[in-house]
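Reviewing the structure listed below.
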Amino acid sequence: MKKPVTLAEFGILQGTGVAMWCDLFPSGRILGLDIDLGHINGNMANLTALGAFTRNRPELHEYDQFLDDDASIGRILAGAKIDIAIDDGFHSTESIMKTLESARPHLADEFVYFAEDNGHVHQEIQSRYPEFFIDHAGDLTVITRRRQIPLSVRI
Ligand SMILES: C[S@@+](CC[C@H](N)C(=O)[O-])C[C@H]1O[C@@H](n2cnc3c(N)ncnc32)[C@H](O)[C@@H]1O
């Protein structure tokens with residue numbers, strides 16, 4: 001039987017992304033991580049009034065992408081593994097590499113990891129993690145453990 005998805009979005013701003021993930025994955029665990037949760041906390045009532053979060057609610061956590069912090073991610077996950085990660089945070093090569101390094105021990109056997117808005121980081125990811133498959137198009141990098149990912153998660 002397929003398990004519910006665990007999805008982590010780094011950089012959530014006002015929460016439109018996590019609102020969408022909650023709709024798409026009503027049985028999933030949706031983690032929203034950001035250095036400043038003020039934006040989403042100030043927008044939750046608005047999102048709710050617009051109809052968000054009727055099917056699922058996100059877990060929100062303060063997180064700084066510039067820290068080497070796999071311990072925090074481990075504590076948040078409490079034994080779960082990340083099936084889908086979206087890095088839409090600070091967008092620098094340093095922050096993307098630090099976030100990937102911290103999340104790496106917690107990635108599911110079959111995962112897909114999106115790093116947004118950086119057109120060069122794919123080269124550094126490929127050289128640091130030659131075992132991963134890296135696709136990139138423009139400013140988007142997509143990382144998987146295998147060439148084809150039959151994501152075994154329930155929607
Ligand atoms: C492009 S916005 C995210 C947009 C959001 N994903 C969406 O779809 O609506 C970037 C976010 O990254 C966060 N951010 C900036 N620096 C950060 C850091 N060092 N660690 C974690 N989050 C950071 C900002 O607070 C902001 O909310």
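Every number for a ligand or one of its atoms is a count from 1 in the order of the listing.
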Problem set entry | E9 N/O to ligand 1 N/O under 3.5 Å |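 For ligand 1, there is an N or O atom that lies under 3.5 Å from one belonging to E9.
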Exercise. Are any of the N/O atoms in G15 less than 3.5 Å from those in ligand 1?
Worked result: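 The answer is no, given that G15 and ligand 1 share no N or O pair closer than 3.5 Å.
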Considering only the protein, which heavy-atom contact is closest to [atom], and what is its distance?
atom                    : answer
atom 12 (O) of ligand 1 : G89 CA, 3.3 Å
atom 17 (C) of ligand 1 : I35 CG2, 3.5 Å
atom 20 (N) of ligand 1 : Q65 N, 2.9 Å
atom 3 (C) of ligand 1  : D88 O, 3.3 Å
atom 19 (N) of ligand 1 : D64 OD1, 3.0 Å
atom 21 (C) of ligand 1 : Y63 O, 3.1 Å
atom 16 (N) of ligand 1 : F90 CD1, 3.5 Å

For this session: Is it possible for you to say whether Y113 and F133 belong to one hydrophobic cluster, with membership spreading through side-chain heavy-atom contacts below 4.5 Å?
Result: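 No, separate clusters.
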For this session: Consider only side-chain heavy atoms of I, L, V, M, F, W and Y, link residues closer than 4.5 Å, and tell whether M44 and L13 are in one cluster.
Result: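 Cluster IDs for M44 and L13 differ.
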Exercise. Going by the atom numbers of ligand 1, which of them fall below 4.0 Å from some non-hydrogen atom of T16?
Worked result: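 Those atoms are 7 (C), 9 (O).
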For this session: Enumerate the atoms of ligand 1 whose separation from the nearest heavy atom of F66 is less than 4.0 angstrom.
Result: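 Counting from 1, the qualifying ligand atoms are 19 (N).
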For this session: Determine, step by step, whether Q65 and D87 satisfy the side chain to side chain donor-acceptor pair (under 3.5 Å) criterion, reporting the C-alpha distance in whole Å, the side-chain angles of both residues, the deciding distance to 0.1 Å, and the verdict.
Result: CA-CA 9 Å; Q65 296 189 277; D87 181 343; 3.0 Å; yes
Exercise. So, S102 versus T99: side-chain donor-acceptor pair below 3.5 Å or not?
Worked result: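 Judged by distance alone, the side chains do not pair up.
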Exercise. Do D139 and H136 have side-chain atoms, one donor and one acceptor, less than 3.5 Å apart?
Worked result: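 Looking only at side-chain atoms, H136 and D139 do not form any donor-acceptor pair under 3.5 Å.
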For this session: Using a 4.0 Å heavy-atom cut-off, say whether I12 meets ligand 1 through its side chain, its backbone, both or neither.
Result: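 Looking at I12 and ligand 1, just backbone atoms fall under 4.0 Å.
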For this session: Take D69 and K98, measure what salt bridge (Lys or Arg N to Asp or Glu O under 4.0 Å) needs, and give me the verdict at the end.
Result: CA-CA 8 Å; D69 206 358; K98 283 240 162 81; over 6 Å; no
Exercise. Within the distance-only criterion (no hydrogens, no angle test), does the side chain of S95 pair as donor or acceptor with the backbone N or O of S92 below 3.5 angstrom?
Worked result: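 Such a contact is found between S95 side chain and S92 backbone.
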Problem set entry | Options D69, L37, D34, ranked by nearest heavy atom to atom 24 (C) of ligand 1, top entry |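 Shortest heavy-atom distance from atom 24 (C) of ligand 1: D34.
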Problem set entry | Side-chain ion pair, R145 and E110, N-O less than 4.0 Å |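 Answer for the salt bridge query: no.
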Exercise. How far apart are the closest heavy atoms of E124 and T93, and which atoms are they?
Worked result: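 Where E124 meets T93 most closely, the heavy atoms are OE1-CG2, 3.6 Å.
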